[in-house]
Structure formats: C-alpha cells, structure tokens
S.K.: 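Take a look at the following structure, please.
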There are 2 protein chains.
Amino acid sequence: MAENGRRATLSRTRVIGAAVGLADTDGAEALTMRRLGRELGVEAMALYNHVGGKDDLLDAMVESAAEEIVTPEDGTPWRAYARGRALSAHAVMLRHPWLPALWTSRLAVGPARMRYMDGALRSLREAGFPPGLLDRTYHAVENHIIGHAMQAAGFPLDEAEMREAAEPLLRSPALEPYPDLIAHIRHHRDTPPGDDAFAFGLDLILDGVERLLAAS
Amino acid sequence: MAENGRRATLSRTRVIGAAVGLADTDGAEALTMRRLGRELGVEAMALYNHVGGKDDLLDAMVESAAEEIVTPEDGTPWRAYARGRALSAHAVMLRHPWLPALWTSRLAVGPARMRYMDGALRSLREAGFPPGLLDRTYHAVENHIIGHAMQAAGFPLDEAEMREAAEPLLRSPALEPYPDLIAHIRHHRDTPPGDDAFAFGLDLILDGVERLLAAS
DNA sequence: CCCCCGCTATTTACGCCGTAAATATTTACG
DNA sequence: CGTAAATATTTACGGCGTAAATAGCGGGGG
C-alpha cells in the first residue's frame with residue numbers, strides 16, 4: 001500500500017513537503033530532482049514513484065501553498081473578506097518566494113486554488129457587485145498580490161542586509177545622475193519594509209471599489 | 001574593431017536583439033545559448049565574444065526592453081505622468097511576456113531602468129508628495145504593472161484561443177463545485193481582454209492617491 | 001515455510017544545458 | 001605581405017530531467 005504502510009519512508013506528501021522546504025530555503029533554482037532526492041536520502045529516480053515528474057511536482061507545490069491561504073468565513077462583508085484573503089495570500093507568498101512566479105506561470109489549477117478563487121468571486125457577487133465591476137475588482141486585487149510578491153521575492157533582503165547593500169550602491173557613480181533614485185534608496189535604507197506598503201495599495205484599491213459600488 | 005567592421009556579422013546589439021526576438025516568439029525557456037547561436041548562424045560559443053554569459057545577456061535584454069518604455073515629458077502633471085509611463089510599461093511588458101519575471105528577479109539595474117525609476121520619483125516629488133506617500137504611490141503603481149503583466153504572461157491566449165480553451169474547461173467536472181469560478185470563466189470567454197482592466201486598476205490607485213495628496 | 005508478485009528503489013543511459021579551454025580562422029593594419 | 005588581434009569552432013565537463021532496465025523487498029497464497 002502506498003499511503004500508510006507503517007514504514008513507507010517516501011510518499012507523495014513527503015516529497016512535496018521536502019520540495020517546498022528546499023525551494024523556501026535555497027531558492028527555486030536549487031530545486032532539482034537529484035538534489036531533492038539527496039535531501040530525502042534517496043536517488044532522484046525514486047521520486048518518480050510518487051510524483052509524475054518535475055512539472056507535476058511544481059503544480060503540487062503551488063496547490064500545497066494554496067492550501068495555506070486562509071479565507072475569511074462565509075458571510076464576511078465583501079471588503080473584510082477581500083482584505084483578509086489578500087493579506088493571507090500575501091503572507092503565504094512572502095513565506096514562499098518561489099510561489100508568485102509559479103502561481104502565474106502554471107496553468108494547472110487544483111481544488112485549493114479553485115476554492116480560493118471561487119470564494120473571492122462569490123463574496124463579491126453576494127455583495128451585489130455587477131459583473132463588470134466584480135471581474136475588475138477581483139483582478140485588481142489579484143494583480144496587487146502578485147505584483148507585490150514578485151517584487152518582494154526579487155529583493156529578498158532583511159533590514160540588516162538592506163542597510164549593508166545600500167551603502168556601496170549609494171556611492172556608485174552610476175547612480176549620480178539620478179538624485180531621486182538615490183533618495184528612494186536612502187528612504188528604503190532608513191525605513192525598513194514594515195509591510196504596510198502592501199496594505200496601503202490594497203486599501204487604495206478597496207476604497208476605490210467601494211465608491212464605485214456605491215455609485216452603481 | 002568591434003562595432004562596425006563592414007562585415008562584422010555578429011555584435012552585442014545583434015545578439016541581444018535576436019535573444020529578445022527568440023524569447024518573444026518561443027518563450028523564455030526556448031532561449032538557449034545553443035539555440036540562439038543557431039538562430040544567428042553561429043556556434044553557441046561565438047556569442048561569448050559579445051556577451052559575458054547568459055546572465056549578462058538576460059540583464060541586457062531587460063535593459064533593452066526598459067529602453068522601449070516611453071516616459072511623458074518633464075513637467076507633465078504627476079497624474080498624467082504616472083498614467084502615461086504605466087501604460088507604456090504595460091504595453092512593453094505585453095510585447096515581451098518574459099519581461100516581468102526577469103524585471104523582478106534580476107538585481108542588476110542599467111541606466112534605462114534607472115532613468116525610468118528616477119523620472120517617476122521626480123515627477124511625484126515635484127508635485128509635492130510627502131516622502132511616505134511618494135514611496136507608497138510609486139510601489140503601488142509598480143506592483144500593479146508587474147502583477148498584471150505576470151498574469152497576462154501566464155495566460156497567453158488571444159480571443160479565439162480563449163473561446164476554444166474555455167469550452168472543455170467549463171465541462172470539466174472538477175469545476176462543478178465552484179459556480180462563481182464557472183461564471184468567471186464564462187465572463188472571460190464572452191468579454192475579450194480589451195485591456196481596460198489594467199487602466200481600471202491603475203485609475204483606482206491614482207484616484208486614491210489623488211485624494212490622499214489633497215488631504216495631506 | 002517458501003515462493004512469487006507487485007511496489008519501491010537504483011543503475012545506466014540519452015540528449016539537453018551553460019561555459020571553460022584550446023584551437024582554428026578571419027580581419028585589420030603597418 | 002606579415003602579423004597580431006578579433007572572432008569563430010571544437011572539444012570537454014558537470015549538471016539537468018527522465019526513459020528503460022534492473023535489483024531489492026514485504027506480504028499473501030500454495
């Protein structure tokens with residue numbers, strides 16, 4: 001038997017979990033069938049008994065991450081629902097920097113992701129959104145989540161690294177013609193992420209939508 | 001001499017241009033040093049006389065795309081400036097589906113990108129934005145551009161392909177428990193992109209910022 | 001008890017990748 | 001023309017995903 005078997009050292013769940021962990025700590029480019037096998041004490045080809053191949057593994061990782069997103073309970077007012085689900089999705093994407101790129105590039109969509117999408121759409125519909133506004137609202141929020149996560153994943157520096165990286169950059173003569181860019185880098189050096197930047201953009205969108213909904 | 005030489009069949013510019021073209025038509029995963037060499041009638045290693053390696057090539061492609069973004073002239077009111085530059089960046093990203101992923105994942109930033117960033121920041125500063133709002137506004141717009149481009153790149157279907165892909169999907173029993181998702185897919189099947197979805201989210205952000213600026 | 005069968009793991013191999021190093025060829029100039 | 005520099009090719013290496021053949025193993029029926 002596959003799924004229990006007392007001493008079944010390998011399983012689909014374990015393979016996917018190890019893949020997620022490996023990509024989390026060492027980056028998506030370190031996720032290699034051979035390397036993943038090594039991590040699990042097994043040869044690469046052994047993994048093929050549990051996943052269909054690397055593509056299947058990547059899809060399963062996305063699905064597994066989608067399951068981590070917590071969705072407000074049914075009946076939550078649309079704005080709180082959208083805000084809660086966006087903040088949770090955002091947190092998941094920060095935990096898994098490899099996620100936004102896979103999220104948008106893989107066309108296979110599993111049940112967790114379908115549930116995630118369906119819940120968001122239902123919440124808006126039940127709030128009385130007309131179809132056009134509903135669709136645009138959904139996508140505006142989704143774009144914000146993905147955009148922020150992509151930018152964050154591409155600049156994976158904590159506060160100390162930020163300070164450290166900023167200094168030599170600021171002295172670079174290549175930057176000299178761009179004073180506002182210099183000021184921007186200084187601003188980021190002095191004010192650590194704090195992450196309210198995500199909520200700021202999100203609320204901008206939700207405020208605007210609220211007004212449009214009221215006007216409709 | 002490198003750059004002219006009458007019959008210099010290869011040059012950095014030509015290599016980068018061919019790489020952009022190849023990635024545009026066949027996708028980023030088709031961009032291979034060997035394949036790119038073949039496209040240029042040359043062995044892969046010949047490319048290394050003109051680019052430092054694949055990383056250098058990718059950075060140069062991003063920089064080349066950044067040069068395609070047209071920026072409103074200096075002195076344009078902040079809102080028109082931000083809107084114009086966002087729409088142009090958006091158009092460039094749609095032309096080059098490989099761009100958003102590279103844009104966010106490569107940390108090297110060339111002059112064209114610096115100019116792009118600096119111009120946007122200057123426009124907001126000259127309009128009197130306080131530093132906190134300036135930074136959040138810049139990033140909110142940037143996130144929207146990247147988020148929309150990533151989603152578009154992951155779903156590279158024109159209207160006909162859309163219709164064609166939707167039908168079997170809608171019959172899939174896996175979708176059955178998600179009626180609002182079904183409605184969403186139907187909506188997309190019936191209303192082709194049109195691309196005002198990008199402007200919708202952008203204006204939501206700019207409207208909100210305008211209000212915050214007035215209140216500050 | 002043993003044997004055999006189905007599942008799991010390993011071995012080997014193939015064609016691709018990026019690129020280092022050595023070599024050959026072409027070009028430009030005194 | 002001769003030669004040095006620029007450009008292109010050849011060969012090779014280690015790593016990738018994975019197909020195919022092989023080996024090991026645990027559990028149920030004779």
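Labels below follow one simple rule: chain letters A, B, ... track the order of the sequence lines, proteins then strands, and each chain is numbered from 1. Values reported hereafter were calculated over all heavy atoms of this structure, with side chains retained and with hydrogens, waters and symmetry mates removed.
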S.K.: Go through DNA chain C and write down every stem, that is, every run of at least three consecutive Watson-Crick or G-U wobble pairs with distances under 3.5 Å, as range with range.
M.R.: C:1-30 with D:1-30
S.K.: Could you check which residues of residues 23-39 of chain B get a heavy atom under 4.0 Å from DNA chain D? Sort them by number, please.
M.R.: B:Arg34
S.K.: Honestly, is A:Arg122 close enough over A:Trp78, meaning NZ or CZ under 6.0 Å from the six-membered ring centre and within 45° of the axis?
M.R.: no
S.K.: Just by protein heavy atoms under 4.0 Å, how would nucleotides 19-27 of chain D read 5' to 3' in B, S and -?
M.R.: BB-------
S.K.: With sequence neighbours excluded, what pairs up with B:His139 under the ring-ring contact (aromatic ring centres under 6.0 Å, His included) test?
M.R.: A:His184, A:His188
S.K.: Let me know the distance between CZ of A:Arg14 and P of C:dT8, rounded to the nearest Å.
M.R.: 14 Å
S.K.: With a 4.5 Å heavy-atom cut-off, do B:Arg95 and B:Glu68 have their side chains touching?
M.R.: yes
S.K.: Do the side-chain N or O atoms of B:His50 get closer than 4.0 angstrom to the phosphate oxygens (OP1, OP2) of D:dA8?
M.R.: yes
S.K.: Evaluate B:His90 against B:His148 for ring pair (Phe, Tyr, Trp, His ring centres under 6.0 Å), listing each step before the verdict.
M.R.: CA-CA 8 Å; B:His90 176 59; B:His148 191 103; 4.7 Å; yes
S.K.: Any non-hydrogen side-chain atom of A:Ile145 less than 4.5 Å from a side-chain atom of A:Val141?
M.R.: yes
S.K.: Identify the two heavy atoms, one from A:Asp24 and one from A:His96, that lie closest to each other, and give their separation to 0.1 Å.
M.R.: OD1-ND1, 2.8 Å
S.K.: With the side chain of B:Glu43 defined as its heavy atoms from C-beta on, choose the nearest nucleotide among D:dT9, C:dT19, D:dT18.
M.R.: D:dT9
S.K.: Which pairs count as side-chain hydrogen bond (donor to acceptor under 3.5 Å, both in side chains) when at least one residue sits in residues 162-175 of chain B, sequence neighbours excluded?
M.R.: B:Glu167-B:Arg189
S.K.: B:Tyr178 ring centre to A:Arg115 NZ or CZ under 6.0 Å, with the angle to the axis within 45°?
M.R.: no
S.K.: Are B:Phe129 and B:Asp135 side-chain neighbours, meaning at least one heavy-atom pair lies under 4.5 Å?
M.R.: no
S.K.: Only counting residues at least two apart or in another chain, list the ones meeting side chain to side chain donor-acceptor pair (under 3.5 Å) with B:Glu73.
M.R.: none
S.K.: Has the side chain of B:Asn49 got a donor or acceptor atom sitting under 3.5 Å from an opposite partner on the base of D:dA6?
M.R.: no
